[in-house]
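Data first, discussion second: the structure below is written as structure tokens.
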Amino acid sequence: MATEVQIGPWKPHRPRGPIAALYSSPGPKYALPGETGYVHHDPCTYRAPAFSFGSRRFKFVDDCSPGPGYLVPANITMRGKDGTPAYSVYGRPKDLNTFSTPGPGKYSPERAGKSAYRSAPVYSLGARTKTFSNDQTPGPATYMLPSVLGPKVVNRSSAPNYSMTGRSKIGSFHEDLQRTPGPGTYRVVDPITYKYKPPQYSMTARNSLPGDTTQKPGPGAYSPERVVVSRPHAPNFSFGIRHSEYVAPLIVDVAD
């Protein structure tokens, strides 16, 4: 057992009874009512009078002076401006562009064209001009001459016309006067109705056999290099947390 060193008049010793610091308390969970303010004040203590700052009442003003916020310029006197010359800094104005006389290289006599040289006549295809809206004279395409083809020619004789129509069953050689049913009128009866019925088979999908569908681990699922149970390995250390010196097990029986 280590020797206890006395520091001043106090000597470390074991407490005779339980100390509140040895046990964890709820802390500031059970808060007492405050002693400031008016609402939720501690009823056990004296409460001073409380005052509040209200808003300024509206006052009807009858004066129209600008007040001290009106700033008079310094160069204004009772007789107007004092007449002191004032200067300001501005940018240099741009010079006026003078007329530039063109030189010999400004002209292109080769582009003069038919204005200075003889040239052949040139024609262009323009759109048809619009006529006046009051011009209602009919053109050559307005009149329609009667056709000279067909049986409806007025002043000419027409040749006989023939037309091709479809074959009619009425009065023809294949007209069915008795309306007797043909071979295709009757419905064919299935032979299995009145004869021996052979066995019938159908093709369905292949049935899968029941088996285990769980996934089995393969050789790559294991990590034998991480196994340290069957072989020696270096010790491992971890950083723990610091415990309070007042934390102790609960003492039920206290010896006097």
Side-chain angles (χ1 to χ4, degrees), residues 1-59 68-69 71 88-92 94 184 186-256:
M1 183 176 181
T3 59
E4 298 178 353
V5 181
Q6 184 175 356
I7 303 175
W10 178 81
K11 180 180 180 181
H13 62 278
R14 291 183 176 274
R16 297 181 180 180
I19 302 177
L22 297 176
Y23 310 98
S24 59
S25 63
K29 179 178 181 181
Y30 302 97
L32 298 177
E35 298 182 359
T36 58
Y38 184 83
V39 183
H40 302 294
H41 191 274
D42 190 1
C44 300
T45 59
Y46 176 75
R47 183 176 62 189
F51 303 95
S52 61
F53 293 91
S55 60
R56 179 176 294 178
R57 300 297 179 180
F58 180 76
K59 179 182 178 181
L71 178 63
S88 61
V89 180
Y90 288 97
R92 177 177 294 178
K94 296 182 180 180
Y186 301 99
R187 184 175 60 86
V188 179
V189 181
D190 196 355
I192 64 175
T193 305
Y194 54 92
K195 289 186 177 182
Y196 176 76
K197 183 179 180 180
Q200 296 179 356
Y201 305 96
S202 60
M203 299 181 65
T204 60
R206 178 178 296 177
N207 298 327
S208 58
L209 297 177
D212 189 6
T213 58
T214 58
Q215 295 182 359
K216 306 299 187 299
Y222 302 98
S223 300
E225 65 277 359
R226 298 181 181 179
V227 178
V228 294
V229 179
S230 58
R231 55 183 179 179
H233 62 282
N236 298 329
F237 303 96
S238 61
F239 292 92
I241 59 176
R242 178 177 296 177
H243 299 279
S244 176
E245 59 182 358
Y246 295 102
V247 177
L250 180 62
I251 302 176
V252 180
D253 298 332
V254 179
D256 295 335

Per-pair distances, 0.1 Å, donor-acceptor, side chain in residues 39-50, under 3.5 Å, sequence neighbours excluded:
unit_1: His41; atom_1: NE2; unit_2: Glu35; atom_2: O; d: 3.1
unit_1: Asp42; atom_1: OD1; unit_2: Cys44; atom_2: N; d: 3.3
unit_1: Thr45; atom_1: OG1; unit_2: Asp42; atom_2: O; d: 3.3

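Within 6.0 Å of the CZ atom in Arg231, the count of heavy atoms belonging to other residues, nucleotides or ligands exceeds 12. Annotation for Tyr194: atom OH counts as buried by contact number, over 12 foreign heavy atoms lying within 6.0 Å.
The side-chain contact (heavy atoms from CB on, under 4.5 Å) test applied to Tyr201 returns Pro199, not counting sequence neighbours. With sequence neighbours excluded, the residues that form a side-chain contact (heavy atoms from CB on, under 4.5 Å) with Val228 are His233. For Pro232, there are no side-chain contact (heavy atoms from CB on, under 4.5 Å) partners, not counting sequence neighbours.
Taking every heavy atom of both residues into account, Tyr196 and Pro198 meet most closely at O-CD, 3.4 Å.
Sequence neighbours left out, the pairs with a member in residues 203-225 that pass salt bridge (Lys or Arg N to Asp or Glu O under 4.0 Å) are Asp212-Lys216. Residue pairs meeting the salt bridge (Lys or Arg N to Asp or Glu O under 4.0 Å) criterion with at least one member in residues 189-200: none, sequence neighbours excluded.
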